[in-house]
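Written below as structure tokens is the structure these notes are about.
Positions are given from 1, in the same order as the sequence printed here. What you see below is based on every heavy atom in this structure, not just the backbone, and it leaves out hydrogens, waters and symmetry mates. Both counts, for ligands and for their atoms, begin at 1 and track the order of listing.
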Amino acid sequence: MRLTIIGCSGSFPGPDSPASSYLLEAEGFRLLLDLGSGAIGALQRHAGLYDIDAVCLSHLHADHCLDLCAYYVARTFHPDGPRPRIPVYAPAGTASRMAQAYGLAEPPGMTEAFDFATLEPGTRQIGPFQVTTAHMNHPVETFGYRLEHGGRSIAYSADTGESAALIGLARQADLLLCEASLLDGPDLPANLHLTARQAAQHAARARVGQLVLTHLVPWNDQVLTLAEASEVPLDGPVSLAASGRVIDLG
Ligand SMILES: [Zn+2]
């Protein structure tokens with residue numbers, strides 16, 4: 001299972017990264033986890049535009065889903081004709097939200113380009129991946145993910161405040177891709193995002209093999225993000241996500 005970080009900028013794109021998007025590959029199957037602003041551009045450095053087999057969205061905040069509009073254009077209006085539908089696993093209401101975002105009448109909205117499947121908490125098979133989802137702690141319905149293949153596992157926090165469900169999802173995963181939107185400070189908002197320290201505490205409780213901090217907000221000093229997370233004793237290494245970084249879990 002191979003992870004390519006397409007975008008890891010939190011809440012809006014940064015100078016060096018699109019907003020959230022991650023490419024997971026196994027057995028030639030390519031799954032895109034989130035499609036935040038700008039992701040379709042950077043994706044083309046790592047995969048053919050039409051080589052994606054499935055899309056999974058964590059939630060409907062713009063920085064996690066809005067490049068589905070760009071991908072709709074790319075799949076629908078190619079000079080050689082529309083590309084076949086691919087599945088999009090996403091929260092309830094995604095098909096209508098995306099149609100509205102692009103100004104499309106429903107039906108069909110984007111349903112001729114994408115086969116929308118409504119996510120529920122639980123486990124399903126998507127291509128070669130066993131995919132488990134759970135509700136996170138965020139103001140809109142948000143799913144964290146655990147993807148497993150060939151005895152390897154990657155967990156993804158999406159956006160979340162402190163969450164016991166995230167610890168369950170990440171339990172002994174080889175890698176936890178965890179948001180670290182906030183730095184330590186007074187009056188932090190509750191039930192919205194994690195600090196880098198909280199991300200590391202979740203990783204420690206879940207006993208993950210390695211922690212990769214993501215959803216890095218451009219106004220933060222990421223040296224501090226890594227330093228604050230590094231103060232928490234962990235079973236394995238902690239590092240920062242970066243657009244273009246590839247992690248091969250074998
Ligand atoms: Zn969000």
Ring centers of His149, Phe29 separated by less than 6.0 Å: no
Is the distance from the ring center of His138 to that of His64 below 6.0 Å? no
What's the atom name of the N, O or S in Asp159 nearest to the Zn ion (ligand 1)? OD2
In terms of relative ring orientation, are Tyr72 and Phe114 parallel, tilted or perpendicular, with 30° and 60° separating the classes? tilted
For the pair Trp219 and Phe12, name the ring-plane relationship: parallel under 30°, tilted 30 to 60°, perpendicular over 60°. tilted
Output yes if [X] passes the N/O/S-under-2.8 Å test against the Zn ion (ligand 1); output no otherwise.
X      : result
His61  : yes
Asp63  : no
His138 : yes

